[in-house]
Amino acid sequence: MKDKIIDSGLTFDNSYAQQLPGFYAEYAGDRAPEPSIVKLNKPLAISLGFDLDTLQEQDIAAMLSGGMEVLGSAPLAQAYAGHQFGGFSPQLGDGRALLLGEVIDVDGCRKDIQLKGSGRTVFSRGGDGKAALGPVLREYLLAEAMHSLAVPTTRALAALTTGENVMRNKRLPGAVLARVATSHVRIGTFQYFAARGEANRVKTLADYCISRHYPELVDSENPYLGLLSDVCEKHAFLVAKWMSIGFVHGVMNTDNMTISGETIDYGPCAFLDQYDPSTVFSSIDQQGRYAYDKQPEMAQWNLARLAETLLPLIDTDGNKAMALATTAINDFTTVYQQHWLILMTAKLGLTDTQAEDLALVTDLLNLMKVHKVDFTQLFNALSRVLKEDSATAKTFFPVDSAFDQWLSRWVQSIDRNSCSKDETINSMALVNPVYIPRNHQVEAALVAAQEHADFKPFEKLLKIVTQPFEKRPGLAEFESPAPRGLSRYRTFCGT
């Protein structure tokens, strides 16, 4: 009997498959024996065009777990290379993922739907191409938390179990993550073809990215230099956002930096508790390459690798191309610092950023480092100072410490605001989260789900971190860092 073709109701328009032959391998994924939805992001699904009133749940599960023919889709595994912890791998690619296709959402925007954990591809390099439930739920939770924190990011559409086990250090329930992105083109995609000397395909890819992501560059004087500059600007803002909320990505390889400027890959990431700029969570980052304070530097390094692939397009004169690209890469630092200072002064309630505010921010961070202050809690406590409660903020520092002098400087800076005190308090509340995905809470929720099939902690934590700015009664334990005595937190690559 002929297999069923699922009609999702989505408007597919698969430009990557149609315009970039040779950039991927056609691949439909493995059919899950018993796919079941653990969590469906219904608002996101509706925005993509899913008709949840008529689609059967089992059809959604089958569609988003891989292996089923979906009307209008063009499933494929994308080719890309990448620098991984500084070492270049000329062929990586989607080894456990497939791009189901591109859809035009209800707002007319183009979005990728990708499935992670759907089985082996030609790029699997010996892996099984599958994913375990814990890492899938982790990416769902972290991606949606980041979206709620106004960070450019891939989104989680669904987490599904497959009905089979996968072997890691032990047998674990298999799962698939369906995620959504503006696209999955990476710096490593450019590197894949540049490393092979296929300059014509680098140009084809650049033209595709300009048309899809930066159409205003099409008729510009130097669209390829414009592409480099715009991607640099996107990542300057992205990394500044990470730094402003204490987020550590953990695996900033060039295959994990998208041309669209969205956060991608939530494997070994985590959030700071106490402020320590040298913090590393990833178990495989032995040298601290992707430590919290090195993230701007590493982003710039990765962008320089993109620039290398674009040099022949920027100018036929190699020296001129190098000079133009170098300027664009060097400008990253200035643009990043501008974004970062605006974001950090907003956390302090300053509505008109001035040059002297840099010292105010850096002095506070230095005090936080010395006294091992919780990053998220302190910025929340500062807004209480404006409510005539300075005691809470002072509890993070020794009595009569340098923080008292800093506090006086800050209050004087607040006085220059043109808005009222209440307006300042409200503006701070909009950018300083009460709740972040605290590492110990994340782990507890994942263990409950993966080891005991108890999804209540995951559902509760997801609800909390996707409403991060609203303090609610009965959730005090979710505001605080891990209890003293817990071992140093370590993360591992999962999906």
Side-chain angles (χ1 to χ4, degrees), residues 41 44 78 80 82-84 94 97 99 109 111-114 116 135-157 159 177-189 209 213 230-272 279-282 285 289-303 306 332 335-336 339-340 343 376 431 433 436-437 439 442 462 465-466 468 491 493-495:
N41 189 336
L44 179 58
Q78 294 177 306
Y80 49 85
H83 276 89
Q84 299 190 308
D94 289 332
L99 176 63
C109 298
K111 299 291 176 60
D112 281 1
I113 299 179
Q114 189 193 62
K116 294 183 67 179
V136 163
L137 293 180
R138 178 183 181 83
E139 179 153 351
Y140 193 113
L141 184 70
L142 269 294
E144 290 309 291
M146 293 284 274
H147 174 71
S148 299
L149 290 166
V151 180
T153 181
T154 55
R155 298 286 307 279
L157 174 60
L177 174 79
R179 73 178 178 196
V180 175
T182 304
S183 87
H184 286 83
V185 180
R186 312 147 192 266
I187 291 176
T189 316
C209 290
H213 296 297
D230 283 3
V231 174
C232 286
E233 199 284 332
K234 290 274 190 181
H235 282 281
F237 176 73
L238 176 66
V239 177
K241 286 290 292 187
W242 291 355
M243 301 296 283
S244 75
I245 57 173
F247 175 76
V248 184
H249 184 276
V251 63
M252 290 178 66
N253 300 325
T254 56
D255 57 299
N256 289 328
M257 285 187 69
T258 63
I259 299 304
S260 62
E262 295 170 306
T263 312
I264 187 171
D265 194 337
Y266 288 94
C269 69
F271 281 76
L272 297 180
T279 297
V280 175
F281 293 110
S282 173
D285 190 1
R289 179 180 177 85
Y290 299 138
Y292 170 78
D293 63 346
K294 290 186 178 178
Q295 291 182 128
E297 175 188 344
M298 288 297 97
Q300 185 180 40
W301 191 92
N302 289 344
L303 290 161
L306 173 63
F332 170 88
V335 177
Y336 163 76
H339 284 306
W340 177 82
L343 291 168
T376 302
V431 295
I436 58 170
N439 304 324
V442 171
L462 179 65
V465 299
T466 53
T491 55
C493 287
T495 56

Distance-only, no hydrogens or angles: does the [X] side chain make a donor-acceptor pair with backbone N or O of [Y] under 3.5 Å?
X      : Y      : value
Asp94  : Gln78  : yes
Asn439 : Ala270 : no
Asn253 : Asp255 : no
Glu262 : Thr182 : yes
Tyr292 : Met243 : yes
Arg138 : Gly267 : yes
Tyr290 : Met252 : yes
Asp265 : Val251 : no

Going from [atom1] on [X] to [atom2] on [Y], what distance comes out if it is rounded to the nearest 0.5 angstrom?
X      : Y      : atom1 : atom2 : result
Ile259 : His184 : CD1   : NE2   : 13.5 Å
Glu297 : Arg289 : CD    : CZ    : 8.5 Å
Leu306 : Ile187 : CG    : CD1   : 5.0 Å
Asn41  : Arg155 : CG    : CZ    : 5.5 Å
Thr254 : Tyr80  : OG1   : OH    : 10.5 Å
Gln295 : Phe247 : CD    : CZ    : 7.5 Å

Would you mind reporting whether [Y] and [X] have side-chain heavy atoms less than 4.5 Å apart?
X      : Y      : answer
Leu272 : Val248 : yes
Met257 : Leu303 : yes
Thr263 : Trp242 : yes
Lys116 : Glu139 : yes
Lys234 : Pro152 : no
Tyr266 : Arg179 : no

Exercise. When you look at Ile245 and Ile436, which way does the side chain to side chain contact (heavy atoms under 4.5 Å, CB included) test go after all the steps?
Worked result: CA-CA 9 Å; Ile245 57 173; Ile436 58 170; 5.9 Å; no
For this session: Could you label the plane-to-plane angle of the His83 and Trp301 rings as parallel, tilted or perpendicular, counting under 30° as parallel and over 60° as perpendicular?
Result: perpendicular
Least distance between heavy atoms, [X] atom then [Y] atom:
X      : Y      : value
Leu238 : Gly261 : CD2-O, 3.7 Å
Tyr140 : Leu462 : CE2-CD2, 3.7 Å
Asn256 : Ile264 : O-CG2, 3.2 Å
Leu142 : Phe271 : CD1-CE1, 3.7 Å
Ser183 : Ser260 : O-OG, 4.1 Å
Ala156 : Leu177 : CB-CD1, 4.3 Å

Exercise. Got a sec, which pairs hit salt bridge (Lys or Arg N to Asp or Glu O under 4.0 Å) with one end in residues 237-250, sequence neighbours left out?
Worked result: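 For residues 237-250, and leaving out neighbouring residues, there are no salt bridge (Lys or Arg N to Asp or Glu O under 4.0 Å) pairs at all.
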Exercise. Taking only residues two or more places apart in sequence, or in another chain, which ones meet His235 in a ring pair (Phe, Tyr, Trp, His ring centres under 6.0 Å)?
Worked result: none
Problem set entry | All ring pair (Phe, Tyr, Trp, His ring centres under 6.0 Å) counterparts of Phe332, not counting sequence neighbours | none
